[in-house]
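Here is the structure we will look at, set down as structure tokens.
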Amino acid sequence: MTSTDQQAFLSVRDLKVHFSTEDGIVKAVDGLSFDLEKGKTLGIVGESGSGKSVTNLTILGLHDRHRTAIDGEILLDGKELTTARESELEKLRGNKMAMIFQDALASLSPYHTIGKQIGETYRKHTGASKSEARKRAIEMLRRVGIPQPDMRVDDYPHQFSGGMRQRAMIAMALVCDPELLIADEPTTALDVTVQAQIMDLLKDLQQEFGTAIVFITHDLGVIADIADDVLVMYGGRCVERGTKEEVLRTPQHPYTVGLLSSMPSLDGPVDVPLSPIPGSPPSLLNPPSGCRFHPRCTFAEKVPGGLCSTERPLLKVEAGRGSACHLTLDQRQEFFADLAATRH
Ligand SMILES: Nc1ncnc2c1ncn2[C@@H]1O[C@H](COP(=O)(O)OP(=O)(O)OP(=O)(O)O)[C@@H](O)[C@H]1O
Ligand code: SF4
Ligand SMILES: [Mg+2]
């Protein structure tokens with residue numbers, strides 16, 4: 001995140017994404033702002049249904065346009081995407097911005113070889129010949145660590161293992177050297193070893209190409225490994241943001257504290273008991289008033305006047321660091337000190 005007035009490579013400003021459904025309006029994203037520079041990774045973390053995927057599908061222009069109301073701005077390298085035509089977005093997807101998802105099988109066609117699929121993406125954006133595209137597909141497969149890429153290029157997705165399919169999807173996403181890569185839980189379905197390999201691969205590729213990465217996950221361990229900056233989402237809003245060190249070491253929001261308490265410490269003592277956050281994520285059809293976290297927050301009673309259930313705490317951001325909570329700074333220091341002690 002930038003602390004200057006200079007335009008960031010990706011800049012999301014007060015983004016709102018609301019869906020009309022038979023039951024009413026679902027406020028999936030409700031006023032989200034963040035910046036991302038080239039060569040940096042922003043980790044977006046939050047429980048299921050907090051609006052992580054909707055945010056990123058909206059950046060890519062892959063939302064359902066008929067039932068979706070979008071407000072705010074998404075600027076990619078200075079270009080406004082929320083008002084861009086579908087044909088312009090189509091050009092940008094794959095070329096300037098690309099994505100990888102959790103489920104490679106669903107993203108790859110079962111009827112075409114891996115090489116053909118990577119090559120076609122390349123041809124579409126560069127106009128390369130079929131033989132150039134095949135060469136490029138082999139080169140990309142080699143780069144993402146597929147052994148014998150000149151042979152495996154003619155395999156179909158089902159002939160690849162889960163980890164290899166994920167690599168192939170990364171190869172396809174990166175074939176046109178996109179400047180922005182959105183990775184939505186790309187390693188969740190993989191075993192820990194393959195997960196670590198894929199993360200290393202993404203880091204290497206980022207170093208090589210200077211790609212900006214948005215990495216979505218519900219796993220703070222993954223954030224600790226890959227992110228530079230972190231944005232914590234709750235109920236369609238950002239509740240905390242900062243550098244990885246700031247957010248993981250000195251969290252300022254009770255929800256982040258809850259997330260950290262429900263995961264094992266990365267380098268701390270192993271016998272600290274884990275305590276999952278009680279209750280369940282809010283309905284976005286009819287979200288709680290005031291602070292959306294208040295029905296689950298064990299600190300709400302420390303704020304006088306029942307403010308937590310009546311008044312929305314604003315996100316105050318200074319130099320990229322901020323949180324949205326009515327607790328005073330002194331209160332947070334006092335209440336969260338125990339957590340910090342167990343995690344240092
Ligand atoms: N097309 C849609 N129409 C109506 N509601 C939707 C639509 N797409 C998503 N939602 C709702 O928006 C909210 C946010 O969904 P989203 O997929 O962004 O969550 P998420 O943070 O990615 O969760 P997960 O960790 O489970 O992937 C959810 O309540 C979801 O049900
Ligand atoms: S504003 Fe109140 S309910 Fe919300 S996180 Fe802070 S203390 Fe908890
Ligand atoms: Mg999701």
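By convention here, the first residue in the shown sequence is residue 1.
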CD/Glu86: more than 12 non-hydrogen atoms of other groups inside 6.0 Å:
yes
With a sphere of 6.0 Å drawn around NZ of Lys302, does it hold more than 12 non-hydrogen atoms of other residues, nucleotides or ligands?
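Counting neighbours around NZ of Lys302, 12 or fewer heavy atoms of other residues, nucleotides or ligands fall under 6.0 Å, so no.
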Which pair of non-hydrogen atoms, one from [X] and one from [Y], has the smallest distance, and what is that distance?
{"X": "Leu202", "Y": "Ile100", "value": "CD2-CD1, 4.2 Å"}
{"X": "Ala324", "Y": "Cys238", "value": "CB-O, 4.3 Å"}
{"X": "Leu141", "Y": "Val153", "value": "CD1-CA, 3.8 Å"}
{"X": "Asp219", "Y": "Gly221", "value": "OD1-N, 2.8 Å"}
{"X": "Ala137", "Y": "Gly119", "value": "CB-N, 4.2 Å"}

Counting only N and O atoms by type, is there a donor-acceptor contact under 3.5 Å from the side chain of [X] to the main-chain atoms of [Y]?
{"X": "Ser11", "Y": "Ala8", "result": "no"}
{"X": "Glu240", "Y": "Pro251", "result": "no"}
{"X": "Arg152", "Y": "Gln159", "result": "yes"}
{"X": "Ser283", "Y": "Leu285", "result": "yes"}
{"X": "His326", "Y": "Cys291", "result": "no"}
{"X": "Arg93", "Y": "Leu60", "result": "yes"}
{"X": "Lys52", "Y": "Gly46", "result": "yes"}

Is there side-chain contact between [X] and [Y], with at least one heavy-atom pair below 4.5 Å?
{"X": "Arg321", "Y": "Val247", "answer": "yes"}
{"X": "Arg136", "Y": "Ile118", "answer": "no"}
{"X": "Pro186", "Y": "Phe215", "answer": "yes"}
{"X": "Asp330", "Y": "Glu334", "answer": "no"}

Going only through I, L, V, M, F, W and Y residues with side-chain contacts under 4.5 Å, is there a path from [X] to [Y]?
{"X": "Leu201", "Y": "Met169", "answer": "yes"}
{"X": "Leu75", "Y": "Leu81", "answer": "no"}
{"X": "Leu62", "Y": "Ile44", "answer": "yes"}

Could you tell me whether [X] and [Y] make a salt bridge, using a distance below 4.0 angstrom between a side-chain N and a carboxylate O?
{"X": "Asp155", "Y": "Arg165", "answer": "no"}
{"X": "Glu139", "Y": "Arg142", "answer": "no"}
{"X": "Asp35", "Y": "Arg13", "answer": "yes"}
{"X": "Lys91", "Y": "Glu88", "answer": "no"}
{"X": "Glu120", "Y": "Arg123", "answer": "yes"}

Is a side-chain donor-acceptor pair under 3.5 Å present for Arg332 with Ser323?
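Indeed, the side chains of Ser323 and Arg332 share at least one donor-acceptor pair under 3.5 Å.
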We want to know whether Thr82 and Glu80 form a side-chain donor-acceptor pair, criterion being a heavy-atom distance below 3.5 angstrom.
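Present: a donor and an acceptor within the cut-off.
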Looking at residues at least two apart in the chain, or sitting in another chain, which of them share a side-chain contact (heavy atoms from CB on, under 4.5 Å) with [X]?
{"X": "Pro281", "value": "Glu47, Arg296"}
{"X": "Asp204", "value": "none"}
{"X": "Lys40", "value": "Leu36, Glu37, Asp228"}
{"X": "Asp14", "value": "Lys16, Ser33"}

Scan for ring pair (Phe, Tyr, Trp, His ring centres under 6.0 Å) pairs involving residues 227-256, sequence neighbours excluded, and state none if there are none.
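As it turns out, the ring pair (Phe, Tyr, Trp, His ring centres under 6.0 Å) pairs with a partner in residues 227-256, which skip direct neighbours, are Tyr234-Tyr255, Tyr234-Phe293, Tyr255-Phe293.
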Partners of Arg67 by salt bridge (Lys or Arg N to Asp or Glu O under 4.0 Å), sequence neighbours excluded?
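Salt bridge (Lys or Arg N to Asp or Glu O under 4.0 Å) list for Arg67, sorted by chain: Asp64.
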Reference residue His18; test side-chain hydrogen bond (donor to acceptor under 3.5 Å, both in side chains); the match among Thr68, Asp71, Asp30
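The residue from Thr68, Asp71, Asp30 that satisfies side-chain hydrogen bond (donor to acceptor under 3.5 Å, both in side chains) with His18 turns out to be Asp30.
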Trace of the side-chain contact (heavy atoms from CB on, under 4.5 Å) decision for Lys203 with Asp225
CA-CA 10 Å; Lys203 283 187 260 183; Asp225 187 19; 2.8 Å; yes
